[in-house]
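Everything numeric here is computed off the predicted structure, so don't read it as measured data.
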Amino acid sequence: MDSKIIEIKGLEKKYNSKFSLSVDGLYLKSNKILTIIGPNGSGKSTLIRLLNLLEKPDRGVISFEGENILGERVDKFAIRKKMAVVFQEPLLFNTSVYSNIIMGLSFRKIPLIEVNERLQYFTEKLKIGDILGRSIKNLSGGEKQRVSLARALILDPKLLLLDEPLANIDQQSRESLRSDLLEVLKKYGKSIIYVTHDRNEAMVLADYIAVMNEGRIEQFAPKEEVFRRPANEFIAKFVGVETLIEGLVVRNSENVAEVEVSGGKGKDKQIIYVVSEATKKNKVTLAIRPEDVILYSMDIPPRKSSAMNLFQGKINSIRNIGMFKKIEIDCGFNLISFVTQNSIERLGLDAGKTITAGIKASSIHML
Ligand code: ADP
Ligand code: MG
């Protein structure tokens with residue numbers, strides 16, 4: 001099914017002179033996952049509250065299954081019953097885990113027998129099957145959030161809204177909850193809007209990504225496109241582009257642009273080849289993802305061509321960043337590469353050493 005379950009047009013909400021939300025166009029196709037990413041204060045929660053009819057916009061249209069749900073005659077309660085929301089802070093009652101999980105059913109007139117299978121499935125997947133009799137009081141933050149996730153999921157809502165469900169969980173329980181939750185949601189197969197400020201969650205989960213900044217959607221596109229072809233520098237940085245280089249297009253031949261960039265203090269300018277239609281005299285910014293920078297040992301130099309850029313540079317620093325090491329190379333411009341410990345040993349990389357870095361002309365994005 002390719003229909004849109006949600007479609008927003010010209011939605012505006014002004015709180016004060018400092019912040020206003022303005023979303024021209026955004027939609028979610030049925031049974032897809034839209035991830036909204038953006039920094040704190042960009043308006044993500046405001047958008048979720050508007051979608052969930054917890055707040056009234058100043059103007060605009062939100063269509064849900066084809067019906068404008070902001071209309072005067074719309075039964076807001078009936079609409080809200082088709083959605084389920086999970087917030088940053090779990091909203092639970094001071095009873096047992098089980099009572100909390102089934103809390104939403106009677107309000108929605110869903111018979112318990114109908115949810116038995118789902119209840120079993122989600123409590124098991126969220127690893128709370130064994131604590132159904134426990135009191136909410138004695139649960140950790142992570143366990144509480146597992147309960148509110150199960151409560152939302154057993155309702156089988158037409159639209160599931162999740163507003164940074166992992167943001168307020170302590171670091172230790174967050175990792176395990178993240179992997180359990182992402183697995184559940186990926187298998188779920190229903191319409192989801194998932195808000196996060198963590199690009200890795202978006203990377204794992206999303207079909208589509210909307211990037212919010214200062215109350216606006218700066219890019220709305222399939223996940224791959226946002227990561228590979230960010231629309232501006234803000235988004236590029238947000239989705240993990242580490243190297244941004246300013247340059248000038250000096251030639252274009254068969255859709256390969258030659259971009260002149262700095263060669264460093266007192267050195268000649270150098271050329272970077274980029275697959276692009278950009279024409280001569282255009283000032284551009286080149287965006288390079290750290291995992292696209294390949295490092296070579298000097299003994300086996302690869303062949304330079306218009307398809308493969310090669311730069312020599314001195315390693316400024318090597319830093320630990322979890323699974324990878326972040327290497328900063330001075331190639332006249334600052335180039336960042338992520339490599340494994342294994343590659344560091346194989347190539348004998350060390351601060352101060354000169355190496356060759358390769359970047360395919362097709363993996364550089366031009367802003
Ligand atoms: P995010 O979820 O992306 O962190 P929010 O939607 O919570 O952002 O907030 C966006 C902006 O709107 C912030 O500047 C916040 O202070 C402001 N804001 C949110 N809710 C209200 C409100 N009820 N009244 C006034 N300002 C608000
Ligand atoms: Mg928020």
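- Of the inter-residue distances, the one linking Met103 atom CE with Leu91 atom CG reads 11.5 Å to the nearest 0.5 angstrom.
- Between Pro230 and Ile235, the shortest heavy-atom distance links the atoms CB-CG2, 3.7 Å.
- In this structure, the side chains of Phe311 and Thr356 stay at 4.5 Å or more apart for every pair of heavy atoms.
- Counting only distance, with no hydrogens or angles, the side chain of Asn255 and the backbone of Val275 share no donor-acceptor pair below 3.5 Å.
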Can Ile6 and Leu34 be said to form a side-chain contact (heavy atoms from CB on, under 4.5 Å), step by step? CA-CA 11 Å; Ile6 280 282; Leu34 167 66; over 6 Å; no
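- No chain of hydrophobic side-chain contacts below 4.5 Å, direct or via other Ile, Leu, Val, Met, Phe, Trp or Tyr residues, connects Val259 to Val256.
- Counting heavy atoms from C-beta on, the side chains of Asn309 and Ile364 come closer than 4.5 Å.
- Residues Val184 and Leu160 share a single hydrophobic cluster, defined by chaining ILVMFWY side chains whose heavy atoms lie under 4.5 Å apart.
- Within 6.0 Å of CG on Asn320 lie more than 12 heavy atoms contributed by other residues, nucleotides or ligands.
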side-chain contact (heavy atoms from CB on, under 4.5 Å) between Lys187 and Tyr121: does it pass, once the steps are laid out? CA-CA 12 Å; Lys187 282 204 192 124; Tyr121 174 81; 4.0 Å; yes
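- Listed for the Arg289 side chain is a donor-acceptor partner under 3.5 Å among the backbone atoms of Val239.
- At a threshold of 4.5 Å between non-hydrogen side-chain atoms, the residues Leu47 and Leu11 count as touching.
- Atoms CD1 and NZ, on Ile329 and Lys353 in that order, are 12.5 Å from each other to the nearest 0.5 Å.
- Lys223 contributes a side-chain N or O that, together with a main-chain N or O of Ala206, makes up a donor-acceptor pair within less than 3.5 Å.
- Exactly one of Leu149, Val85, Ile33 qualifies for a side-chain contact (heavy atoms from CB on, under 4.5 Å) with Leu162. That residue is Leu149.
- Put simply, CZ on Arg228 and OG on Ser362 are 8.5 Å apart, with the number rounded to the nearest 0.5 Å.
- Among all heavy-atom pairs drawn from Ala357 and Val293, the shortest one is CB-CG1, 4.0 Å.
- In this structure, Arg199 places its CZ atom where more than 12 heavy-atom neighbours from other residues, nucleotides or ligands lie under 6.0 Å away.
- Clustering ILVMFWY residues whenever any of their side-chain heavy atoms sit less than 4.5 angstrom apart, transitively, puts Ile355 in the very cluster that holds Ile344.
- Looking at Lys326, Lys237, Glu291 one by one, the single match for side-chain contact (heavy atoms from CB on, under 4.5 Å) with Glu242 turns out to be Lys326.
- Cluster membership for Leu182 and Leu177, using ILVMFWY side-chain heavy atoms within less than 4.5 angstrom, is shared.
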Determine, stepwise, if the pair Asp156 / Arg108 fulfils salt bridge (charged side-chain N to carboxylate O under 4.0 Å, His left out). CA-CA 11 Å; Asp156 198 22; Arg108 291 172 197 233; over 6 Å; no
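- Inter-residue side-chain proximity for Leu367 and Leu244 is flagged as met; some heavy-atom pair is nearer than 4.5 Å.
- For Asp163 (side chain) and Val195 (main-chain N/O), no donor-acceptor pair under 3.5 Å exists by modelled atom type.
- A salt bridge is absent between Asp75 and Lys81: the closest approach of a Lys/Arg side-chain nitrogen to an acidic carboxylate oxygen does not fall below 4.0 angstrom.
- Ser63 places no side-chain N or O within donor-acceptor distance of the main-chain N or O of Gly66, the cut-off being under 3.5 Å.
- Residue pairs meeting the side-chain hydrogen bond (donor to acceptor under 3.5 Å, both in side chains) criterion with at least one partner in residues 172-182, sequence neighbours excluded, are Lys127-Asp180, Arg146-Ser176, Arg146-Asp180, Asp170-Ser173, Gln171-Glu175, Glu175-Arg178, Arg178-Asp198, Arg178-Glu201.
- Between Tyr208 and Phe220, the angle of the ring planes lies from 30° to 60°, which puts this pair in the tilted group.
- Between Ala257 and Val249, the closest heavy-atom pair is CB-CG1, 4.2 Å.
- The environment of Lys280 atom NZ is sparse: at most 12 non-hydrogen atoms of other residues, nucleotides or ligands sit within 6.0 angstrom.
- To the nearest 0.5 Å, atoms NZ (Lys158) and NZ (Lys82) are separated by 5.0 Å.
- Between the Asn16 side chain and the Phe19 main chain, a donor and an acceptor come within less than 3.5 Å of each other.
- Applying the 6.0 Å contact sphere to NZ of Lys360 captures no more than 12 heavy atoms from other residues, nucleotides or ligands.
- Of all non-hydrogen atoms in Ile69 and Leu51, the two that sit nearest each other are CD1-O, 4.1 Å.
- Between atom CG of residue Leu112 and atom CD1 of residue Ile102 there is a gap of 5.5 Å, rounded to the nearest 0.5 Å.
- Linking ILVMFWY residues whenever their side-chain heavy atoms come closer than 4.5 Å, directly or via other members, places Val147 and Leu126 in the same cluster.
- The backbone N or O of Gly313 lies less than 3.5 Å from no partner atom in the side chain of Asp330, so there is not a single donor-acceptor pair.
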Candidate pair Asn334 and Glu328, rule side chain to side chain donor-acceptor pair (under 3.5 Å), full reasoning: CA-CA 7 Å; Asn334 209 31; Glu328 216 182 303; 3.1 Å; yes
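- Looking at Lys13, its side chain does come within 3.5 Å of a backbone N or O of Lys56 through a donor-acceptor pair.
- A 4.5 Å side-chain heavy-atom check between His197 and Glu164 finds at least one atom pair inside the cut-off.
- Counting only distance, with no hydrogens or angles, the side chain of Glu233 and the backbone of Thr285 share no donor-acceptor pair below 3.5 Å.
- Proximity of Gln219 to Ile209: side-chain heavy atoms (C-beta onward) are nowhere separated by under 4.5 Å.
- Side-chain N or O atoms of Glu55 include none that pairs as donor or acceptor with a backbone N or O of Ile48 at under 3.5 Å.
- If you run side-chain contact (heavy atoms from CB on, under 4.5 Å) between Val97 and each of Leu132, Thr123, Leu92, only Leu132 comes through.
- By the 4.5 Å heavy-atom criterion applied to side chains, Val74 and Asn68 are not counted as neighbours.
- Counting all heavy atoms, side chain and backbone alike, Ser276 lies closest to Asn252 at O-ND2, 2.9 Å.
- Atom CD1 of Ile321 is surrounded by more than 12 heavy atoms from other residues, nucleotides or ligands within 6.0 Å.
- In this structure, the side chains of Leu53 and Phe64 stay at 4.5 Å or more apart for every pair of heavy atoms.
- Here the CE atom belonging to Met212 is positioned 4.5 Å from the CD1 atom belonging to Ile217, to the nearest 0.5 angstrom.
- Here the closest non-hydrogen pair linking Ala152 and Pro157 is O-CD, 3.5 Å.
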Between Arg118 and Leu153, is a side-chain contact (heavy atoms from CB on, under 4.5 Å) present by the stated rule, with each step listed? CA-CA 8 Å; Arg118 287 203 294 270; Leu153 284 159; over 6 Å; no
Can you list the steps and then say if Ile193 with Leu159 is a side-chain contact (heavy atoms from CB on, under 4.5 Å)? CA-CA 8 Å; Ile193 298 183; Leu159 175 65; 4.1 Å; yes
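- Annotation for Lys9: atom NZ does not count as buried by contact number, only 12 or fewer foreign heavy atoms lying within 6.0 Å.
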